[in-house]
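Here is the structure we will look at.
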Protein chains: 2
Amino acid sequence: MEEADLLISPRWVIPVEPHGAVLEDHAVAVADGRITAVLPAAEAARRFPSAERVDRPAHVLLPGLVNAHTHAAMTLFRGLADDLPLQQWLGEHIWPAEQRWASSEFVRDGAELACVEMLRGGTTCLNDMYFFPDQTAQVAADTGIRAVVGMIVIEQPTPWAATVDEYFDKGLAVHDQFRGHPRIQTAFAPHAPYTVGDDSLRRLRKLADELDVQVHMHVHETANEISTAVAAHGRRPLARLAELGLLSPALAAVHMTQLTPDEITTLADTGASVVHCPESNLKLASGLCPVADLQAAGVNVALGTDGAASNNDLDMFGEMRTAALLAKSVAGDPAAVSAADALAMATINGARALGVAADTGSLVPGKSADMICLDLAHPATQPVYHPVSQVVYAATRDQVTDVWVGGQALIMQGELQLAHAADLEARAEGWRERVARTDV
Amino acid sequence: MEEADLLISPRWVIPVEPHGAVLEDHAVAVADGRITAVLPAAEAARRFPSAERVDRPAHVLLPGLVNAHTHAAMTLFRGLADDLPLQQWLGEHIWPAEQRWASSEFVRDGAELACVEMLRGGTTCLNDMYFFPDQTAQVAADTGIRAVVGMIVIEQPTPWAATVDEYFDKGLAVHDQFRGHPRIQTAFAPHAPYTVGDDSLRRLRKLADELDVQVHMHVHETANEISTAVAAHGRRPLARLAELGLLSPALAAVHMTQLTPDEITTLADTGASVVHCPESNLKLASGLCPVADLQAAGVNVALGTDGAASNNDLDMFGEMRTAALLAKSVAGDPAAVSAADALAMATINGARALGVAADTGSLVPGKSADMICLDLAHPATQPVYHPVSQVVYAATRDQVTDVWVGGQALIMQGELQLAHAADLEARAEGWRERVARTDV
């Protein structure tokens with residue numbers, strides 16, 4: 001006999017698995033933080049009479065969104081510099097600001113702003129790559145969000161680490177610190193093929209296998225990355241990663257705007273995931289990821305916002321819409337990447353890319369109750385012919401009313417349940433004043 | 001001595017003219033519905049002590065947005081059919097639904113839903129093209145929004161008119177009915193080059209000149225439109241419109257995804273405006289408007305959402321962001337179409353394309369007080385280095401708190417001030433039930 005301590009009854013449930021399904025007048029039953037049943041609302045009321053009830057009569061309930069690539073703490077650089085050529089943006093603004101300001105305190109405050117922004121916008125799981133991952137992990141643990149935190153490796157000294165050994169040592173210390181945490185996991189996060197050498201990549205691949213963690217890496221972000229690599233080493237970065245044994249289901253390759261048909265086949269054969277970041281790719285004019293081709297080949301495509309310095313928000317609803325719209329244009333086919341496909345990219349595919357699909361990404365009995373409610377009683381989402389279409393093509397992040405992670409209510413009827421976020425805006429403003437003073 | 005009966009004091013004013021300006025701690029003074037001054041807040045308080053005060057300490061005040069191309073009543077078909085090839089979408093869903101359901105009542109309810117959606121999302125002026133424009137004009141007049149309503153001409157019988165003469169007669173009757181209205185104007189709205197013949201175009205050009213109204217037309221939406229025209233008539237549609245004398249500052253040419261360098265020069269030379277609809281173009285895989293090239297040539301580029309059946313919302317904040325992001329990718333240049341450029345496209349450029357720039361589109365003394373407040377105290381728009389960047393790249397429509405048109409408060413602190421919109425959702429739901437029953 002199943003138990004339930006919480007019963008959510010929305011107008012519609014979109015479980016994501018099965019693909020495209022919409023259940024009307026159904027409820028989701030939760031016990032001890034896990035989904036125990038998805039069933040007709042009337043039956044749920046009979047079977048679980050003593051469960052706490054949450055009724056949301058104009059709402060759609062869906063899995064929490066998975067932001068499969070971000071640099072959470074960079075919220076504090078949101079809008080610092082826009083509309084600039086890439087090298088000027090990085091070289092004159094972002095990198096100097098990071099060298100000057102990245103610190104435990106900065107990452108703690110920036111990650112907290114990011115987690116609050118993501119939770120309010122319906123994202124319940126993030127895949128992070130940034131310095132001071134110990135802080136990001138701690139903030140995620142404290143705010144109640146689910147996170148895969150990157151053990152970053154980059155062969156340049158930064159405020160986080162001076163040498164390759166120090167990156168590894170500090171990353172592994174974070175892994176040890178959060179080992180066994182129900183919501184916090186780690187992944188190796190080598191920055192990119194052009195900033196991490198073969199020895200480091202071999203070393204981290206071996207460690208990733210041993211620790212059973214994912215590898216999260218920027219790959220083929222721009223045409224320049226490819227041409228530089230070909231000129232220097234005679235081969236494309238993906239070929240090098242293949243030789244180093246990195247192409248496997250453990251790899252989440254971010255951006256991938258430059259792909260040959262053979263490379264798409266290789267990705268499909270090896271089971272590596274692609275994390276598509278459409279708004280960042282557009283804003284930085286990086287190139288266009290061939291999402292429909294990847295999908296047709298059977299590659300798992302997840303979605304990420306990238307950092308707030310290049311997006312400029314961590315809004316997975318906006319990212320889903322942009323992904324669905326852009327893929328049609330890139331493919332020259334209005335039938336490419338449907339609304340249901342985009343929603344899967346933002347949920348279950350993200351969970352797969354992060355290696356957390358057993359716990360999150362769809363509303364299926366046994367998984368953690370990572371769920372969000374969206375109020376469709378807004379003039380922009382009326383009338384409702386097809387709820388999935390409204391969620392992807394017409395709703396905004398601000399229609400999210402309720403958010404649960406592991407059955408814990410983190411947002412209820414639009415109100416954040418975190419007490420300690422009260423001075424967050426003042427802390428963000430304090431950082432802005434300091435950063436702006438040193439930005440030239 | 002200036003007067004003021006209303007004084008709005010936000011944290012930041014973005015007047016749009018001058019381009020890119022941000023005024024901190026300024027106020028906008030309004031008298032009899034018109035802007036009388038934009039001045040430092042302290043000075044405003046001294047000069048206008050008896051004016052009604054609206055203080056918005058975490059907000060940015062900017063001109064109301066101008067949606068330069070929409071089919072308002074199609075909100076009732078929002079999400080009816082998505083992710084389909086263009087001809088199947090039109091031929092099997094949209095056109096049959098229009099033939100079956102378009103009526104005075106349908107357009108009245110659909111236009112009201114559209115006006116409420118647009119006002120809540122900060123759009124204070126629309127350029128409409130649809131059947132039963134008498135209804136759309138009346139709804140706009142009643143809701144308080146500013147509108148340019150299209151006298152539609154299409155050489156096909158529809159529920160609105162059976163013959164070309166009837167289209168002209170009924171359109172001109174709408175023009176006469178609203179002549180002299182402070183917020184409602186008309187334009188000729190020939191549907192497209194492929195649905196309106198030379199005789200009709202000559203006739204409406206002459207009438208447009210006499211009545212001093214704009215011409216609002218879909219032009220060069222898809223590659224197929226061009227190739228079909230070239231095969232049939234031996235020339236591209238824009239060349240035909242030029243021969244018919246339609247290229248002038250009175251023309252708002254919508255979509256324009258297919259443009260040669262010579263055509264861009266012609267547009268610049270003749271002063272015609274382009275109305276860019278990026279989300280519709282992406283969703284229908286229509287092609288890509290070369291916005292940065294048009295801008296460099298000096299062409300006035302405005303922004304439109306298109307109808308809700310192909311977008312699927314009337315959200316000019318989303319459209320601005322998509323326009324700025326997409327233009328960089330199309331141009332291959334992250335410095336193309338800055339945030340300030342995108343905001344100008346969504347305001348003053350739209351007003352120019354519609355022929356209403358003397359009244360709206362920027363916060364300049366003498367213009368109508370068409371203004372919106374946006375609350376930036378949201379985790380996704382903190383911290384604020386550059387308010388224009390936050391407005392374009394990070395804010396959503398749902399951060400709009402206050403909307404004035406002609407100085408009249410239509411939304412105050414998020415609350416719609418219209419009493420008669422109460423049963424709007426029920427009416428939309430009634431139409432959905434009827435339309436869904438006949439959609440196959």
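Every heavy atom of this structure was used, including side-chain atoms; hydrogens, water molecules and symmetry mates were not. Just so we're on the same page: letters track the sequence lines, and every chain starts at 1.
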Heavy-atom check, side chain of B/Pro383 versus side chain of A/Leu113, under 4.5 Å: yes
Hey, is B/Asp83 close enough to A/Lys328 for a salt bridge, meaning N to O under 4.0 Å? yes
How long is the span from the [atom1] atom in [X] to the [atom2] atom in [Y], to the nearest 0.5 Å?
X	Y	atom1	atom2	answer
A/Tyr385	B/His93	OH	NE2	12.0 Å
B/Asp398	A/Arg397	CG	CZ	8.5 Å
B/Asn312	A/Ser389	CG	OG	4.5 Å
A/Ser329	B/Lys283	OG	NZ	13.5 Å
B/Asp315	A/Thr396	CG	OG1	7.5 Å
B/Tyr393	A/Glu279	OH	CD	11.0 Å

Qualifying residue, where the test is side chain to side chain contact (heavy atoms under 4.5 Å, CB included) with A/Arg321 and the options are B/Thr322, B/Asp313, B/Leu282: B/Asp313
For chain A, which residues from residues 284-293 of chain B have at least one heavy atom closer than 4.5 Å to it? B/Leu284, B/Ala285, B/Leu288
Checking the side chain of A/Arg78 only, and the main-chain atoms of B/Val384 only, is there a donor and an acceptor separated by less than 3.5 Å? no
Give a yes or no on whether the backbone of B/Pro379 and the side-chain of A/Arg120 come within a donor-acceptor separation of less than 3.5 Å. no
Tell me the residues of residues 84-92 of chain A whose non-hydrogen atoms fall below 4.5 Å from those of chain B, in number order. A/Leu84, A/Pro85, A/Leu86
Contacting region of B/Ala377 [heavy-atom separation from chain A under 4.5 Å]: both
Heavy-atom contact with chain B under 4.5 Å, split by part of [X]:
X	answer
A/Ala114	neither
A/Asp333	backbone
A/Gln382	both

Count the heavy atoms of every other residue, nucleotide or ligand shown that sit under 6.0 Å from CD of B/Gln413, and state whether that count exceeds 12. no
Between A/Val388, A/Thr75, A/Asp82, which residue shows the highest count of heavy-atom pairs closer than 4.5 Å to chain B? A/Asp82
With chain B, which of A/Ala380, A/Gly430, A/Ala394, A/Ala428 has the greatest number of heavy-atom pairs at distances under 4.5 Å? A/Ala380
Identify which of B/Val337, B/Val435, B/Val116 forms the greatest number of heavy-atom pairs closer than 4.5 Å to chain A. B/Val435
